[in-house]
Structure formats: C-alpha cells, structure tokens
Protein chains: 2
Amino acid sequence: MKRKLTLKSIAKELGVSISTVSKALRDSPEISEETREKIKAFAKLYNYKPNNIALSLKNRKTNTIGVIIPQIVHHFFTTVIYGIEQEARENNYNVIICLSNNAFDKEVLNMELLANGSTDGFILSVSKETMMKEDYHHLNEVIDQGMPVVMFDRVVEGIQCDRVLIDDKAGAKKGVTHMIRSGCRKIGIITSEDYVSVGRLRTEGYLDALDDFGIKADDKLILKLDNIDDLSDKSKKRIEDFITNNDLDGVFTVNELFAVHASRVINALGKKIPDDISLVCFTDGQLSEHAVPSLTAVSQHGEEMGRKAASILINKLESPEDEEEEYSTTYIDTSLVERESTKEVTRR
Amino acid sequence: MKRKLTLKSIAKELGVSISTVSKALRDSPEISEETREKIKAFAKLYNYKPNNIALSLKNRKTNTIGVIIPQIVHHFFTTVIYGIEQEARENNYNVIICLSNNAFDKEVLNMELLANGSTDGFILSVSKETMMKEDYHHLNEVIDQGMPVVMFDRVVEGIQCDRVLIDDKAGAKKGVTHMIRSGCRKIGIITSEDYVSVGRLRTEGYLDALDDFGIKADDKLILKLDNIDDLSDKSKKRIEDFITNNDLDGVFTVNELFAVHASRVINALGKKIPDDISLVCFTDGQLSEHAVPSLTAVSQHGEEMGRKAASILINKLESPEDEEEEYSTTYIDTSLVERESTKEVTRR
DNA sequence: TTAAGCGACTAAATCGATTAAGTTCTCTTA
DNA sequence: TAAGAGAACTTAATCGATTTAGTCGCTTAA
C-alpha cells in the first residue's frame, strides 16, 4: 500500500520547500523554469493530486452541492438528480445526496450534518412531514449562515430562497383540457390532500380547466388520497369506490400509480378506455409508457428541472456575496404525451 | 448573516484558549468543572457544531462512502442506494453518489475525484464500457492507496475487493424451473450479450434449469440484445422477430422491459398469457407489478444488497488496518413472485 | 526549606494545502 | 563601490479541529 503523495512528501523528495512545490505546480513565475519543470515532471510521474479536504478547509469552499429529497426509489426524483448531477459535473461541483424518507427529523439532521462544512449550498424538496408541521427553522438556519438554498418541486412559502417548480397547475389544466376537447364532460380527479403542494396545484389546474369550458365542478368528483407517493390498500379501495360510484367519462390522476389502478378498476367494471372513460395522468414514466393501454400523460421534464436548480445554485455560489439578494421562481413547462388512453381531439 | 461558530471564536468570547474549549467540549478532566460547564453552556446556546472538513483533515477520515453507479434513473439501483443510505446513516457515514453513465472515462474521473480525500472507501457497480474494455487500473489504484472497495451487481474478476452479488444464476434457474414445472417445454430467453456479467449469469441459470429437466438447449431460443438497461427500437424489432419466429410456450427475460415488450408482442400475435405462453422476468419492479397481466418475477432485494455492501465496507473501514486481508463474495438470495403471467404448478 | 506533585491551563504541532511576507544571492548602475 | 533591484527561494500564517508537551502557581512531604 503506497501512501498518497502530498506537497510535503514531494518537497522532501526533491529537497525543496513545500511552498516551492505548490508554486511550481501552479506555474508561479517566482519559481525558475528549471525547478518548475523538475517538480511538475515528478508530480506527473507519481500522479500527484491535491487533497480535496485540505483545499476545502483552506478555501472555505467545498465545491459540493447537498441534495435532500424525500425518497430515491422514485422515478421523478431520480430524473431530477440526474439533471443536477449533469449540471454540477459540468461546473466542477460534486453532489451529495441525502434522503429524508419524508421524515422531518431526518431532514433536519441531514441539513445540519451537511451544513457543517460539507457543502456550499442546498437543493431540496421538502418532506411531507415538514410541510405538515410547517417548521422551517432548519432551512432558515442554513440560509442565515449564508448558504444558498434552491427548493424544487415540493416547496414552501416564506423562505428566502430560489424555487424551481413544475408548472403543476398549467400541466394539470393541459391534461384535463385535452380530455374535455376530446369529448369528456364528467371528469373526476384522483389527487392528494391539499397540504402536498403539488397535489393542491394540480387540483387547481383541474378546476381551472373545467371552469374554462363552463363545466361546473363537483366535490364528489374530487378524490383526495393521503399519500401521493405510493398506493396503499386503503387508497386502492377508495379509488375503486370512487370510480364505481360515479358515472365518469374521464379520470385525471396526479400520478401514474393512481392511474394504473384506475385503469384496472375501469377494466374490471367492463368499461373501455378510452371509449367509455378517458384516462390521463400527471407524470410520464415507465408505467404510462408501458401500461396497456398506454397512458396519455403530462410529462414533467425532471432532468431539466434538476439542471435548472443546479444552475441557479451554482450561479449564486459563484457570484460575489455582496450582490443584491433576489430570489427567483422558475417554472418548468410540462408537455402532454398523447397515448392510447384518450380519444383524439377533432379540431374544427 | 451570522458566521459559523468555531473553537477559536468561542475561546475569544470566553477569554480562554482554543485547546481549553476543545477539551471542555470533549469532557476532559484536565478542565475544571466550572470552566467546562461554562463553555458547554455557551456552545449549546449558540449551537456549536464542529466543522466536518477540519475534522476530516485532522483525522484523515471522512466518514463518507463513495458510491459509483452506471445510472440512477433505474429502479434497481435506487433500491440499492436506499439500502446503502440506511446502513450508512445508522453507522454515522455519509454517502456521495456519482454516476458513470456507463462511460469508462466518467467512472475513472469520478473515482479519482472522490479518492482525493473525499471518501474513505467505495461501493461500485462497474459501467458497461469498463467491462468491455477490461481496464481496471482506476480500481487498482484506489485499492493500492488503502481504500477498501466493495463491488456489487456488476462486478469484475481479478480485483482485490469484496463483492456482493445477486445470485443471478440461481435466480434465473428458479424462474425457468417454475415455468418448466408449470408445463412449459419450449422456453426462450431474452438476455444480453455475455460481457454484461448479470446477463451471462442469468443465461447460465436458464441453461442449468433446462439441463436439470433434460431439456436440450437450442441456440435459436436464446436472444442476446446489446443493451440490458433500455429498450431500443432495434431491440424491440429483434424481440418481435424472436417471438414470432419461434413457437415458444414460455419466455424468460433478464429484465422487466424486455418482458413488457414480449407481452405486447405475444398479445399482438393473438396468443394468451399464460395459457399459450408463460412469461417470467428477472427484476421485480413497478412494471411487473402493474402490467396487465401482472408478471411473475424474480425479485432481487436491492435494498438488502445495498445494506450488505455498506455493512461490509464499513466493517473494513473500522477494523484495524494490519488485519489479514481477505475478500468475500456474498450472494443475495432472490425470490420468485408469482403473478398472472405463469400457470400454477400442480404438485404431485 | 525545598523539591516533587498536581490541578488547570496554554502553547505549539499536526492534518495538507495556499500565499503573504521574509531572506539570500547576484547583478546592475549611479 | 555601495545601494537597489530582482530572481529564486524559504518561513510562517491560515483554514478549524485535536492532542502532546509545556507552564505556572500552590500544596505537601521529607
């Protein structure tokens, strides 16, 4: 096992001082051509690479972005991470990912941990529990220490930070409008409780679309489930009842899982998709693409979101500190991917 | 913006030396009860937390695990990461995740980057390109520097490291055996080229199962596709031809995507699953669960794999260095999840 | 009376890098 | 010929923490 090279060991080996080595490697004109070449050749030969930790300490800059997300076994979040990773890499930043598992305590712990020198800034999507508690002291604390924060997807108000959002409302509206245009008149929505911001916004988009076409909203056609991230048996049951007891000709869901289950239920009732009931879901992932019938979906472009969030953060990190603080909110456009679960829109 | 507290600033504030503060906070008996209490109270009040970077430098230990995977938008890898995260957290380790995007150069770059002080050890699944090139100098280099490495899932031979593997061969055998027991006799396999270790092993398991029941293998019934991670149009076409041109009564696939497409093709041919053709795939994910018909699958327990890999690595990191080096290979058992795509096995 | 012992601290080295502030020489020039 | 400039280095401070090796005053025992 060979020990890693350090400036010290190189200096000793070549009989010069540490600072000479450092300067030579950074091409300082203070060091003679001859010495410089000798040191650089030696460093190259033994593959010297400066120690990141020492550099971080010295520069008070880690070139690392901390990402905190509620869960990682989740297609959308992974696409966002992928985008963050790309943008970070291109700008010479590292990425540390921590999971909150949707728990407030873990979110706080992770932030504190990373804030103690490990990262220069944060990109996060707040956990469900944090949203319910409305306790954001951990966010304010890191911001107070001068670390920039960018929130994405699941954001909260009243924090001094940038935000990157899927245009959930417009996306949902787009999906529901498509159904209306294709002939649906009694459209139900399977969404989440309002404290989950994305659920609330998608519900609003749904209502907006109905309103635009003069269709009256009906509370009975709005099903709000507890958990937007997975499909419990209880949720399955509620979806079954919802579809069975309402004579719908269209269903919009805020995620793929709800849609897939709705599809099953509709099938079991002997109804045809899309002839009897159209189905559109928010989120375009593997399930929408490969389900039978494949599902028309509102695609969220998570990768673009991640890139944008990272680029905003890096920008903050690289700009002089005394600059006027301004916080932006960026919306990432959605697009509608038409598949087999909706009828075609006949244009006039 | 308030600056982070340091030992120095506390010392100044309280009119004592830095080392007194350090010792007081670590409950050293060298410091008088009175002073200790005063310092601890102050630190608590202003929420002092030692700087991780400084600690890492001083201790030459980062308490961070570097994870390098080919891609993150991939259900199986995320389950593994989830397992790694859990185990790491429980043992006070951080996790840095880097993506190689299946590219050799990025894998090398990431390793070099993380090896320069950022992590104490690595958990990795090698990229496809690395496997093809058979160039492992980057692995040997970090191992040479005394950093332990644990490879998982996509591993290579001849490296001094621990390995955690899904028992791919046994898993595939389990799946194929189930099909045979349920009555299938002409079973095809859709797999990957042999340089992808998991593909090769699953093919071997398939052959083993046939052999056990005295069924002769037929090269024509083995379809090897280029890419095991996604489904290109070319792959789709080859699957279509494969199923159309062979009169199969069972299909085993090495991943979900191949199976889902096979299912479509079988449907399009007017054949019934499982009555005419049974279908089993390796990997139990969202698609298997929610496809129609739902797919019988060999479940890989990625989370357990991640936990195991992390636990092995942490163990190495915490054990005295001079210990005899021994490298283990751990197999994570698979289990068969029976669903709608196979017939029941009638037991004698 | 005095050296040893002890309690309670402080000084300084260290981790690995960067860099401002010296230190030597040698060469130039008034 | 002596001061000043400049080339080529070295010393030392710094980042924030830990830890070993002092220091200093006071008590105690021979």
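To find a chain, count down the sequence lines: A is the first, B the second, and so on, and within it residues start at 1.
Among the protein residues, A:S56 comes within range of no part of the nucleic acid, since none of its heavy atoms lies under 4.0 Å from any strand. A:L7 comes within contact range of at least one nucleobase, with a heavy-atom separation under 4.0 Å. Using a 4.0 Å heavy-atom cutoff across all strands shown, A:K8 reaches sugar-phosphate atoms only and no base atom. Here B:S22 lies in heavy-atom contact (under 4.0 Å) with a base. Residue contacts for A:I18: at a heavy-atom cut-off of 4.0 Å it reaches a base atom on one of the strands shown.
Distances shorter than 4.0 Å separate some side-chain N or O of B:S17 from OP1 or OP2 on C:dT10. In terms of phosphate contacts, A:S32 brings a side-chain nitrogen or oxygen within less than 4.0 Å of OP1 or OP2 of D:dC9. Between D:dA17 and B:Y48, a contact under 4.0 Å exists linking OP1 or OP2 to a side-chain N or O. Phosphate proximity of C:dG16 to B:R60: present, with a side-chain N or O under 4.0 Å from OP1 or OP2.
Computed from coordinates, the B:L14 CG to C:dA8 C1' distance equals 16 Å when rounded to whole Å. Between the CG atom of A:D27 and the P atom of C:dT18 there is a distance of 13 Å, given to the nearest Å. With rounding to whole Å, B:E37 atom CD is found 16 Å from C:dA8 atom C1'. Taking atom CG of A:N63 as the reference point, atom C1' of C:dA17 lies 15 Å away to the nearest angstrom. Regarding B:R26, its CZ atom lies at a distance of 9 Å from the C1' atom of D:dA17, rounded to whole Å. Rounded to whole Å, the distance from CD1 on B:I53 to P on D:dT18 is 14 Å. A straight line from CG of A:L55 to C1' of D:dT14 spans 14 Å, rounded to a whole angstrom. The distance from atom CD1 of A:I31 to atom C1' of D:dT10 is 9 Å, rounded to the nearest whole Å.
Candidate nucleotides D:dC9, C:dT10, C:dG16 were compared by shortest atom distance to the side chain of A:K58, and C:dG16 ranks first. Comparing atom distances between the B:E30 side chain and each of D:dT18, C:dT18, C:dC9 picks out C:dC9 as nearest. Each of D:dT10, C:dC9, C:dC15 was ranked by its minimum atom distance to the side chain of B:L57; first place goes to C:dC15. In this structure, the nucleotide among D:dT10, C:dC9, C:dT14 sitting nearest to the side chain of B:T35 is C:dC9.
Within 3.5 Å, no donor on the side chain of B:S19 pairs with an acceptor on the base of D:dT18, nor the reverse. Within 3.5 Å, a donor on the side chain of A:K23 pairs with an acceptor on the base of D:dT10, or the reverse.
The two residues A:A88 and A:I65 come nearest to each other via the heavy atoms CB-CD1, 4.3 Å.
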>> side-chain contact (heavy atoms from CB on, under 4.5 Å) for A:I31 and A:T20? Distances and angles first, verdict last.
In response: CA-CA 7 Å; A:I31 308 301; A:T20 303; 3.9 Å; yes
- Task: Could you walk me through whether B:S32 and B:T35 pass side-chain hydrogen bond (donor to acceptor under 3.5 Å, both in side chains), step by step?
- Result: CA-CA 5 Å; B:S32 71; B:T35 312; 2.8 Å; yes
(request) Using the side-chain contact (heavy atoms from CB on, under 4.5 Å) rule, take A:T79 and A:E304 through it: C-alpha gap first, then chi angles, then the decisive distance, then the call. (result) CA-CA 9 Å; A:T79 59; A:E304 188 188 336; over 6 Å; no
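The NE2 atom of B:H74 sits 4.5 Å away from the CG atom of B:D229 when rounded to the nearest 0.5 Å. One distance of note links OG of A:S125 with CE of A:M305; it measures 7.5 Å at 0.5 Å rounding.
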